[in-house]
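Here's the structure, in structure tokens; my notes come after.
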Amino acid sequence: MSRFHWICESTDGAARAGMLHTAHGPVATPTFMPVGTVGTVKAMTMDAVRSTGAGIVLGNTYHLMLRPGAERIRAQGGLHRFMDWSGPILTDSGGFQVMSLGALRKLDQDGVTFRSHIDGSYHRLTPESSTDIQHALDATITMCFDECPALPAPPETIAASMRMSMRWAARSREAFVQRTGYGQFGIVQGGTEQDLRTESVKALTDIGFEGYAIGGLAVGEGQELMFATLDTTVPIMPQNAPRYLMGVGTPDDLLGSVQRGVDMFDCVMPTRAGRTARAYTERGTLNLRNARHATDARPISPDCDCLACSRHSRAYLHHLFRANEILGPMLLTWHNIAYYQRLMRQIREAIIEGRLDELATTLRANWAAEDWTEDEMPQPAIPPVP
């Protein structure tokens, strides 16, 4: 079994192409992790997820501890077997979800007591219990338990929160069970305050983790401020470990973050968009509910080989959403995850070939376009009806 480690294979500016080796197989980076919060990527089978080229998925401690319960999943052979995913799984610690409960939770220096959003029952999460739950799930990558304060907030509030998260990080590390091929990531906090981010990076580096995440961004601060925070934070993070930007984001967010040295991403955006008729494409975002698609025989994208594009027209997808048929969200979610994975492969290839800036210019120009014209998009060969 391979030990858990990340190897940098190539760089282009600050951008890095690498390979993450884990107990559940290797993952090429940069990588986007589809979000499987409750043990499923919404509206997709795991065969569909595999077909997109995804190498790693994400699960969530908060949701899985409430339903069906970590011990029940352990008894079923762990989360990999439970959800039919043999590759690596990263589990969020549950901290973000608990902090989002507002009046349903009470925070103290030891952890958080909260009421379930499902049935109102009381539960408690601490750095130790969050780490233990992730162990029971058999997470390949365990996240340390942290607090993510809502922004904007006064610097003193952000500082107090960050320092408590660093104390929790040390406790999470103490509770982590070292196993060959498994790793734990610390989470850099500090809002958009450069001095606090620097302090957080130092604290986590002193503790020592297999990887390092950047938390507390993409919470309403805007892309410009997020990128500015990455500009000052990423360069001081360990060079020989994977860097994970949590909860990000749009295709342009991913591209800009990779250009700044980030290796791993997750976000509900592509799956949520797929359930609401929005398709991500090389020419920006399409709303398949719009009437202009009602008679359009073309696929969503001529460059995509997902089932939605290879077998179906925009007109059919438009019809599915108008008719409230569940197949619409299923096909469009499949397409969006396939697009995100294809984008990450394009970016990785460009880094290796030393042409990332050239690709970035092309991608951003195309995202700003209105859609393909009839001349630009060849009509697909419609397969015969069996």
Side-chain angles (χ1 to χ4, degrees), residues 35-40 42 58-75 79 82-83 89-139 141-154 156-177 184-191 200 204 213-220 244 246-247 266-268 272:
V35 176
T37 302
V38 296
T40 175
K42 288 185 186 297
L58 180 143
N60 183 263
T61 297
Y62 168 81
H63 290 282
L64 291 171
M65 69 175 279
L66 294 180
R67 186 172 53 193
E71 289 306 319
R72 183 173 296 178
I73 293 174
R74 192 209 296 265
L79 188 55
F82 193 61
M83 67 184 290
I89 298 174
L90 180 150
T91 48
D92 192 336
S93 70
F96 179 81
Q97 286 73 27
V98 169
M99 301 310 160
S100 300
L101 291 174
L104 294 177
R105 55 90 170 171
K106 183 176 180 180
L107 174 70
D108 57 58
Q109 291 295 317
D110 185 61
V112 186
T113 302
F114 63 94
R115 295 182 64 182
S116 165
H117 71 285
I118 298 171
D119 59 11
S121 58
Y122 281 93
H123 301 267
R124 183 162 177 80
L125 270 178
T126 65
E128 293 79 10
S129 65
S130 172
T131 305
D132 290 346
I133 291 168
Q134 293 177 78
H135 179 82
L137 297 174
D138 194 33
I141 300 176
T142 295
M143 300 303 298
C144 69
F145 192 59
D146 68 333
E147 183 195 16
C148 180
L151 297 180
E156 57 271 20
T157 299
I158 297 173
S161 172
M162 180 274 290
R163 288 166 187 150
M164 182 172 68
S165 289
M166 297 306 99
R167 293 191 293 273
W168 286 0
R171 290 167 54 190
S172 296
R173 190 57 172 172
E174 183 68 24
F176 179 67
V177 179
Q184 185 182 40
F185 284 21
I187 304 175
V188 179
Q189 290 289 356
S200 181
L204 294 174
I214 304 162
L217 293 178
V219 290
Y244 162 34
M246 305 179 74
D266 82 281
C267 191
V268 298
R272 183 174 292 168

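This one's a predicted model, so the numbers in the text were calculated from it and none came from an experiment.
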Identify which one of Asp92, Leu217, Val188, Leu90 satisfies the side chain to side chain contact (heavy atoms under 4.5 Å, CB included) criterion when paired with Met246.
Asp92
Could you label the plane-to-plane angle of the Phe145 and Trp168 rings as parallel, tilted or perpendicular, counting under 30° as parallel and over 60° as perpendicular?
parallel
Answer yes if the side chains of Tyr244 and Asp266 hold a donor-acceptor pair under 3.5 Å, and no otherwise.
yes
To the nearest 0.5 Å, what is the distance between CE (Met65) and CG (Leu125)?
4.5 Å
Ser129 side chain reached by Arg124 side chain, heavy atoms, under 4.5 Å
no
Check Asp132 against Ala175 and note the closest heavy-atom contact, atom names and distance.
OD1-O, 4.3 Å
Testing the basics here: between Gly120 and Arg115, what is the closest heavy-atom pair and its distance to 0.1 Å?
O-NE, 3.1 Å
Are the side chain of Ser130 and the backbone of Ser93 linked by a donor-acceptor contact shorter than 3.5 Å?
yes
Arg72 atom CZ, neighbour heavy-atom count above 12 within 6.0 Å
no
Can you find a pair of side-chain heavy atoms, one from His135 and one from Thr142, that are under 4.5 Å apart?
no
Roughly how far, to the nearest 0.5 Å, is CG of Asp146 from CE of Met166?
7.0 Å
Evaluate the side-chain proximity of Glu147 to Gln189: yes if any heavy-atom separation is below 4.5 Å, no if none is.
no
Which heavy-atom pair separates Pro68 from Ile73 by the least distance, and what is that distance?
CG-CG1, 3.7 Å
Are there more than 12 heavy atoms of other residues, nucleotides or ligands under 6.0 Å from atom CZ of Phe96?
no
Check whether any side-chain N or O of Ser165 sits under 3.5 Å from a backbone N or O of Ser161 as a donor-acceptor pair, and report yes or no.
yes
Flag if over 12 foreign heavy atoms under 6.0 Å of CZ, Arg67:
no
State, with a plain yes or no, whether a side-chain heavy atom of Arg173 is found less than 4.5 Å away from one of Cys144.
no
Considering non-hydrogen atoms only, spot the tightest contact between Ala169 and Leu204 and give its length.
CB-CD2, 3.6 Å
Does atom CZ (Arg272) have a neighbourhood of more than 12 heavy atoms from anything else shown, all under 6.0 Å?
no
Using modelled atom types and a 3.5 Å cut-off, is there a donor and acceptor pairing between side-chain atoms of Gln184 and backbone atoms of Ser172?
yes
Using side-chain heavy atoms (C-beta onward) and a distance below 4.5 Å, is His117 in contact with Tyr62?
yes
I need the Leu58 CG to Thr37 OG1 distance, nearest 0.5 Å.
6.5 Å
Locate the shortest heavy-atom distance separating Gly59 from Ile89; write the atom from each residue and the value.
N-CG2, 4.2 Å
Using atom types as modelled and distance alone, determine if a side-chain donor or acceptor of Gln134 lies under 3.5 Å from a backbone N or O of Met143.
yes
What's the spacing between Phe185 CZ and Thr91 OG1 if we round to 0.5 Å?
11.0 Å
Roughly how far, to the nearest 0.5 Å, is the CZ atom of Arg74 from the CG atom of Leu137?
8.5 Å
Do you know which two heavy atoms are closest between Ala218 and Gly247, and how far apart they sit?
CB-O, 3.8 Å
Within a strict 4.5 Å, meaning less than it, do heavy atoms of the Leu64 and Leu79 side chains meet?
yes
Does any non-hydrogen side-chain atom of Thr126 lie less than 4.5 Å from one of Arg171?
yes
